[in-house]
Every structure is written in structure tokens, then in C-alpha cells.
Asks: 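Can you keep this structure in mind? I'll have questions shortly.
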Amino acid sequence: MKILILGVNGFIGNALVRRILQDTPWEVYGMDLSCHKLEHSLDSPRFHYVEGDISINKEWIEYHIKKCDLVLPLVAIATPRAYVKDPLGVFTLDFEENLRVVRQCVKYGRRVIFPSTSEVYGMCQDEEFLEDESNYVLGPIHKQRWIYSCSKQLIDRVIWAYGQRGDLRFTLIRPFNWIGPKLDDVDAAKEGSSRVVTQFIINLYRREPIKLVDGGHQTRCFTWVEDGIDCLMKIIENPGGVADGQIFNIGSPDNLCSIRDLAVRLKDLFMRHPDHAEDGVYSEIVEEPHELYYGQGYQDILNRRPSIEKARRLLGWEPRTDLDSALKDTLDFFLEEMKDQD
Ligand code: UDP
């Protein structure tokens, strides 16, 4: 099988290509703006990496969509700070650029696995979000946080409509707060624009206060990236077409944790880490209103927990990694990385 991965240097892309090369005979063609997360795969003769921008290198992309059996368009801006600061950039990249790729998959009859998001459920009040039943609840237009959710929802609907018409073989995946090595670039976290786990780890390392937005009562289910990749591999394998036309939540419902609890756990792991047990001075945990942390365009999601019954039933998948192991391994990775950078 030949697979095209756009955004191959991203958090999910790099972990996926590594697994594919390790466990299968498949070939991967990949494009991204840089390749700093791909050092583990660049030497493989089955990995063909090209540096490029999906909004510029359109011919290369079209040619490779034709050439490959499966397309994973993973290019997206997926950090809440960017939704508020650069809503049009989010729309252009996450919706417009990806729509072109989806349409080319239709044109050439190629299968696509598209990354939707747990964000599409928005402020849904269900205890567990169900792919085919839960409602999507978004705030008013001036709360620009929702442009990401809304862009992804619309592209989900477009893909679904092409599928209904019999013009596209697709699967939509919805990752729920995946964490692990290479989650975000350390420099993004230094500016305060990375996802919460990386942000707290970098705050701890730099002895900066850990900021709990609006008190940190909101919850998330943090999912170990390799568990998520296990599920994605089953979807790619797709025995008997079981994943065709389906939407899958991919997350660890048992790893539900409030942001406050996350801060306490990470601080505790940091204080017990052999390199830092003797530091003496550690970050304080403080509270900050969202208007100050993110700006007026932000609105939070209070609870976000997936139902993974469908992935269990159709794919026989089960997440295996508990929260503390996932946090510890993520922390250890970033502490090593920052030590190397000092
Ligand atoms: N958050 C926080 N402090 C930070 C960064 C994030 O309290 O320094 C909160 C944020 O308000 C949200 C949660 O942590 O409720 C998860 O944020 P993340 O950026 O990881 O993305 P999300 O899960 O909202 O997509």
C-alpha cells in the first residue's frame, strides 16, 4: 500500500509514519514545512519526504493523490490560542486547503482518513460524546474559539455528503487530547501557545507559575499517543471495509482529569523526577480568568469525554495506557529535550 501523509512532521504524523515503517511493508509519501520530528524515519527507503507547503506545492500533492491508495491530510492549526488570535488562518488552512485535497480524493477515487476533532462536540452536555448521536454545541460568533470546531464540522459534513453520494471512501477520526513526545514545539510553549500538557511541563521547567484558566475545573481525557496510533493503524488496515463511512472517537475515557488535577499530578511528577527532586523551588499553581489568558474570543469546554464503544465494537480497539504513565512519559520526553537545548 502507498500512503500519502500531508503534515507528516506533526504530532500525529510523525508517530504514525514511525509505526507504519516499523510494523508494515507500506510506503509513505510525506510533505511538511520541516522534518525536525522525523529523524527516526528519514533514512528509511520506504519513506519519501518532501519539504513543502500544501498551499503552494499543489501539483506535487495532486500527483501523489493519484499515485497513492490512501490519503491522510493531517495539516491543521489545532491549538486554542490560535483559534482566538488567528481565526482566518485557521479557516484557510483547516478548511479551505483541506477541502481542495478532499476534492482531489473524490476526483481520483482515493480513500481518505480525515482528522476531525473532539472539538466538534463543543459544549455538548452529554456525559460521553457519541459519534452519531451527540449534538454539536457552539457559542456565539464573537467567541472565535469556535471557528476551528465549525471549520472541522463543515468539512466533516462535506466528506459525509460525498460519501453518501458514493463518490468518496472515507473514515473520520476524532482524537481526544492525545499526549506524548513531540506534542508541541518547546518554543511555542515558551510563548504560551501550546496545548495544556506541554504548557504545564515547560512552565514547571522554567519555574513559571502554572496558570489554571478559570480555576481549572474543566475536564479532559488525556490519551497516550501510541494508543491512538494503535486505533489509527486498525482503521488504515480496514479489514472488510469495517471503517468505511464511519466516524470514530479515539480517546481514553478512563483518563478523565480536571485541569487542576492535571497541574497537581504534573507538579508532583516533576518534583519526584531525579533531575529535579533537589531543586527546592517549584512553580506555584495560580488561577487566571480566560479573558486575561486567551482574550475575549475564548470560551471553554467544561467536560469532554468520548464514548469509544464504536471503536471497541468495530475495530476491537482498547486504550491501554493510564493517565499517570502517559503523563510521566510525556514529561520525561520534554525534560530530556529541554536539557539538550540548554
Ligand atoms: N489551560 C489552562 N492553562 C494553560 C493552558 C490551558 O488552564 O496554561 C486549559 C484550557 O483553558 C482548557 C484546557 O486547559 O480548558 C485544555 O487546553 P488545551 O490547550 O490543551 O486544548 P483543548 O483541550 O481545550 O482543545
Side-chain angles (χ1 to χ4, degrees), residues 11-12 76-86 90 94 115-124 129 136-139 143-153 174-180 182-186 188-225 228 249-253 255-267 270 283-306 323 326-327 330 334:
F11 169 51
I12 297 179
I77 296 170
T79 45
R81 190 175 289 273
Y83 315 156
V84 177
K85 265 188 151 171
D86 184 19
V90 170
D94 295 14
S116 177
T117 168
S118 53
E119 259 306 287
V120 292
Y121 299 103
M123 298 177 287
C124 177
F129 302 159
Y136 304 154
V137 184
L138 310 187
K143 297 293 182 190
Q144 301 234 274
R145 189 235 163 95
W146 304 112
I147 199 160
Y148 172 70
S149 175
C150 189
S151 299
K152 286 281 190 181
Q153 185 192 147
R174 296 194 172 148
F176 278 67
N177 291 83
W178 291 15
I179 61 169
K182 309 184 188 195
L183 174 59
D184 294 290
D185 286 331
V186 169
K190 284 183 187 161
E191 293 165 14
S193 48
S194 72
R195 285 163 280 205
V196 66
V197 169
T198 328
Q199 194 59 58
F200 285 179
I201 293 172
I202 274 72
N203 293 151
L204 283 161
Y205 187 76
R206 291 157 60 97
R207 311 291 182 277
E208 296 160 349
I210 290 184
K211 294 178 181 169
L212 302 177
V213 172
D214 296 337
H217 305 293
Q218 58 279 44
T219 64
R220 298 291 187 271
C221 294
F222 296 99
T223 305
W224 178 236
V225 60
N249 290 338
I250 310 180
S252 292
N255 288 356
L256 186 81
C257 172
S258 73
I259 300 303
R260 179 177 285 274
D261 187 19
L262 174 77
V264 171
R265 285 173 189 244
L266 279 172
K267 184 172 172 180
F270 183 81
S283 298
E284 299 172 84
I285 299 176
V286 301
E287 295 183 14
E288 188 157 304
H290 70 262
E291 293 86 348
L292 202 62
Y293 191 87
Y294 286 109
Q296 293 294 341
Y298 185 77
Q299 200 167 18
D300 217 320
I301 291 165
L302 293 187
N303 296 300
R304 175 193 279 166
R305 187 176 202 209
L323 183 60
L327 292 178
T330 307
F334 278 108

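Every number for a ligand or one of its atoms is a count from 1 in the order of the listing. Side-chain atoms are counted along with the backbone in the values below, which use heavy atoms only and exclude waters and symmetry mates.
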Asks: Less than 3.5 Å apart, any donor N or O on the side chain of Tyr294 or Arg145 sitting next to an acceptor on the other?
Replies: no
Asks: Taking all atoms of both residues into account, what is the closest heavy-atom pair of Gly216 and Ser258, and its distance?
Replies: O-CB, 3.7 Å
Asks: Picking from Arg174, Lys152, Arg304, what satisfies salt bridge (charged side-chain N to carboxylate O under 4.0 Å, His left out) with Glu119?
Replies: Arg304
Asks: Measuring only between side-chain heavy atoms, which start at C-beta, is Tyr148 closer than 4.5 Å to Ile77?
Replies: no
Asks: I need the full list of salt bridge (charged side-chain N to carboxylate O under 4.0 Å, His left out) pairs touching residues 192-201, with sequence neighbours left out, sorted by first then second residue.
Replies: Asp184-Arg195
Asks: Assess the side chains of Asp214 and Tyr298: does a donor N or O sit below 3.5 Å from an acceptor N or O?
Replies: no
Asks: I'd like the contact residues of ligand 1, where contact means a heavy atom below 4.0 Å.
Replies: Pro80, Glu119, Arg145, Asn177, Arg195, Val196, Gln199, Phe200, Lys211, Leu212, Val213, Gln218, Arg220, Ile259, Tyr293, Tyr294, Tyr298, Asp300, Arg304
